[in-house]
Novice: 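Mind having a look at this structure? Questions to follow.
Order of the sequence lines sets the chain letters (A, B, ...), proteins ahead of strands, with each chain counted from 1. Values below: all heavy atoms of this structure, side chains included; hydrogens, waters and symmetry mates excluded.
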Amino acid sequence: MKWTQTLIPTLREAPSDAEIVSHKLLLRAGLIRKLAGGVYTFLPLGLRALRKVENIIREEMDRAGAVEVLMPALQPKEIWEQSGRAETAKDVLCKVKDRANREWFLSPTAEEVITTLAAGEINSYRQLPKNFYQISTKFRDEIRPRFGLMRAKEFIMKDAYSFDTTDENAMVSYHKMYDAYKRIFARCGLQAFPVEADTGVIGGNYSHEFMVPAETGENDVVYCEACGYAANIEKATSGIPKTAAREIGAAVEKFATPGVVTIEALSKEPYKVPANRQIKTLVFIADSKPIIILIRGDDQLNETKLIAKTGAVAARPATPEEIFALLGAKPGSLGAVTSTLNFERGLSATKNTDTYIEFDANITLEGIRIYADERLRGANDMTTGANEDGFHLRNVSIERDIKVTAWFDLRTVSAGEPCAKCVKPLKIRRAIEVGHVFKLGTKYSEALNATFLDVDGSRKPPVMGCYGIGVTRTLQAVIEQGNDKDGVIWPLSVAPYQVCITPLAVTPESEAMKLAEKFYAELTAQGVDVILDDRDERPGVKFKDADLVGFPIRIALGEKSLLKGEVEIKPRSGALQFVKIDEAVAAVLKLVQA
RNA sequence: CGGAGCGUAGCUCAGCCUGGUAGAGCACUUGCUUUGGGAGCAAGACGUCGCAGGUUCGAAUCCUGUCGCUCCGACCA
């Protein structure tokens, strides 16, 4: 390809709406352009890099035994209602209506479609296992698109779906994908590592995310350098000790705490109740019912765990009005000690809010569920709110004085806590999620009536798994990880062109141009992706652009070195080498094949 | 959806407070000079000042509404 033939609109300055380095470079290097928030056009160079990532994924998926299909982006609402996700995923679905006013969803993933396909076409254990994948445009009505391709409304994803006869076989399929993912990201030049993950509304019970460490990532990963434990913070646990039990103390005692509404204030003079001897009481609305959550004063609630452990579809913190209606006190003075709960209080006393999870207005505290964090189990001599503004209770024994419905691990792990497996201190770092593998079980096959006849003549739902890679996000992660002050540093495997030939004179009769054409032809014949910068620009402009776009290898043809019978070969992040003209092609091939 | 900010040339931004002929740098076109790390000089082209309404003799500037974008939060397969 000749530079003047394609479109590479490089920018000296980044548009002001780009925040992170990879987003700026995508724009500055002329890879993408924004059409609207979270919606981008891929320019020729960006598309080439994207196709390379896609092809790596294709090769590895094929190698792992998956077969490629292409499913529609336009999906009828009905199958989403059948799976239940029309409701659980409603906030992210892009919806469209046709002229007959029929509602369609633009595909954010394709569990429903592939399972419908399997229901029709897979009838026997002899057809299993199967793993179908596709690489296609997906849509998600993101609340807040940001960071360019990182979190977009429209993006390209590889999604794969496996079908197996048994749970054990499903694990085999899962691990094939897990291994394929490791190879895919390694081939893209990414340092990606798997972490244990929550499954979210997609369902299932076993899951790993593939993470690329980056300060600009939107996930926190907890990991142990000693034993290799790694988990998304939404899922992570630690070996932190439970609250120390003390001598069974005196009866609960109310004391005045005027104006004290925070854990911190209560820990100071004149009360001096350390945060780790306080019980924090939170009220959430989960699936239209209020629940009370108890967590130690120095711990933070993990909402993902709350939803996962309680089996709720969705949950949100209760508003101060709702809390007052239920407990008779404002946040800061709340508690769950049985004697302070008035079970006749209810939400009907408050106005409904406009938040997206509504509550059942007739509900009262009668039968309210109280979930406590495991770390509080057995704790006594604790202090908590008295459900009366300006008062707290001391000498609280959680098992004696509070009717806990269930105990769960609900707290968020902090850095430095001991690893649950090996006791070494845990670390936390930010990361970008580029892939996610789930074992789904039979949730979708059952909901959409997919069954096969097993060897013993029984009819069963196949055990499914699903496996996603954010292709466009992966591309951006490659840039986020590979760049310097001059621009992108592409790995050879993903670079839009592997080699950029830069003649400093471009008239057809010039020695530099003739030689450039010759190198171009020879390298192209060897299967190397080459671009020839035939622009009539000053050398500085051409070098700056080559560095900005980040071609892994640059060959400069200038008068100075040509007179000495040499050309210059410059790896993007390596030392300049002078090579005899006759040896240049071989030298470049060696670098490309390295 | 809550909080904050911004919409002026292709890009970065000034002008707005205090109303009076729409600006700079980069990019673009032409010419001359220059030619190994984003050249110089000269000439030129490029604007419904996001949109709608209002106030005013007069609005980029003040007011109201609206749309879009960005950031923080909430949310997130």
Side-chain angles (χ1 to χ4, degrees), chain A residues 9-20 23-24 27-28 30 33-39 80 83 85 88-93 105 107-112 138-148 150-153 155 157 159 161 197-204 207 209 218-219 232 234 303-304 307 314-317 319 353-357 433 435-438 440 443-444 466-470 473 485-487 502-507 510 512 535-549 554 556-563 567-568 570 576 578:
Chain A
T10 57
L11 300 172
R12 192 178 292 204
E13 294 171 285
S16 56
D17 54 5
E19 198 68 15
I20 65 175
H23 185 194
K24 288 180 183 167
L27 293 163
R28 288 191 56 211
R33 282 295 180 267
K34 183 171 79 174
L35 177 64
V39 179
W80 284 77
S83 72
R85 288 207 300 174
T88 57
K90 68 178 179 204
D91 292 322
V92 297
L93 285 169
F105 297 157
S107 174
T109 62
E111 281 80 4
E112 286 79 4
K138 301 295 193 296
F139 301 87
R140 195 175 297 179
D141 190 7
E142 285 290 347
I143 295 170
R144 178 140 90 92
R146 64 179 125 180
F147 300 154
M150 281 296 178
R151 179 169 293 275
K153 273 199 168 81
F155 55 100
M157 185 164 102
D159 45 330
Y161 307 90
D198 179 66
T199 51
V201 304
I202 204 160
S207 169
E209 288 164 340
E218 298 187 83
N219 296 271
N232 190 310
E234 296 175 343
E303 287 191 35
T304 306
I307 290 173
R316 63 164 169 87
T319 64
T353 66
D354 56 3
T355 146
Y356 72 103
I357 305 170
E433 178 193 346
H436 204 158
V437 293
F438 295 88
L440 284 175
K443 173 180 167 174
Y444 292 93
C466 76
Y467 317 95
I469 290 179
R473 181 184 284 184
K485 64 173 173 41
D486 294 316
T502 307
L504 299 186
V506 294
T507 51
S510 71
R535 291 176 300 167
D536 184 15
E537 285 286 354
R538 299 166 61 83
V541 172
K542 300 174 91 159
F543 290 144
K544 284 286 185 191
D545 271 346
D547 287 347
L548 176 57
V549 176
R554 187 187 73 210
L557 304 165
E559 202 176 340
K560 276 186 199 167
S561 43
L562 286 180
L563 284 173
V567 298
E568 292 169 28
K570 171 78 173 64
L576 186 65
F578 295 88

Novice: When rounded to the nearest Å, what value does the distance between P atoms of B/G37 and B/C49 take?
Specialist: 43 Å
Novice: What distance, rounded to whole Å, do you find between the two P atoms, one in B/A52 and one in B/C57?
Specialist: 22 Å
Novice: Measuring to OP1 and OP2 of B/C13, would you say a side-chain N or O of A/S16 lies under 4.0 angstrom away?
Specialist: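 For A/S16, the contact criterion (side-chain N or O under 4.0 Å from OP1 or OP2 of B/C13) is met.
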Novice: When we call it a touch if two heavy atoms are under 4.0 Å apart, what does A/E19 touch: a base, just sugar-phosphate, or nothing?
Specialist: sugar-phosphate
Novice: Tell me whether the OP1 or OP2 atom of B/C72 has a side-chain N or O from A/R146 closer than 4.0 Å.
Specialist: yes
Novice: Distance between the P atoms of B/U66 and B/G19, in whole angstroms?
Specialist: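 Going atom to atom, P in each nucleotide, I get 27 Å.
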Novice: How far, in whole Å, is B/C63 from B/C11 if one measures between their P atoms?
Specialist: 27 Å
Novice: Under a 3.5 Å cut-off for both contacts, is B/A45 paired Watson-Crick or G-U wobble with anything, and if yes, with which nucleotide?
Specialist: none
Novice: On a whole-Å scale, what distance lies between the C1' atoms belonging to B/U18 and B/U56?
Specialist: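 Per the computed distance, 16 Å lies between those C1' atoms.
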Novice: Taking any strand in view, what nucleotide pairs with B/C6 in a Watson-Crick or G-U wobble way, both distances under 3.5 Å?
Specialist: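 B/C6 is paired, partner B/G68.
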Novice: Between the protein and nucleotides 27-34 of chain B, which nitrogen or oxygen pairs are less than 3.5 angstrom apart?
Specialist:
{"from": "B/U34", "atom 1": "O2", "to": "A/R538", "atom 2": "NH1", "distance (Å)": "2.5"}

Novice: Write down the distance separating the C1' atoms in B/G68 and B/C76, rounded off to the nearest Å.
Specialist: 23 Å
Novice: Could I get the full list of side-chain hydrogen bond (donor to acceptor under 3.5 Å, both in side chains) partners for A/R535, not counting sequence neighbours?
Specialist: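 Residues passing side-chain hydrogen bond (donor to acceptor under 3.5 Å, both in side chains) with A/R535: A/D533, A/D545.
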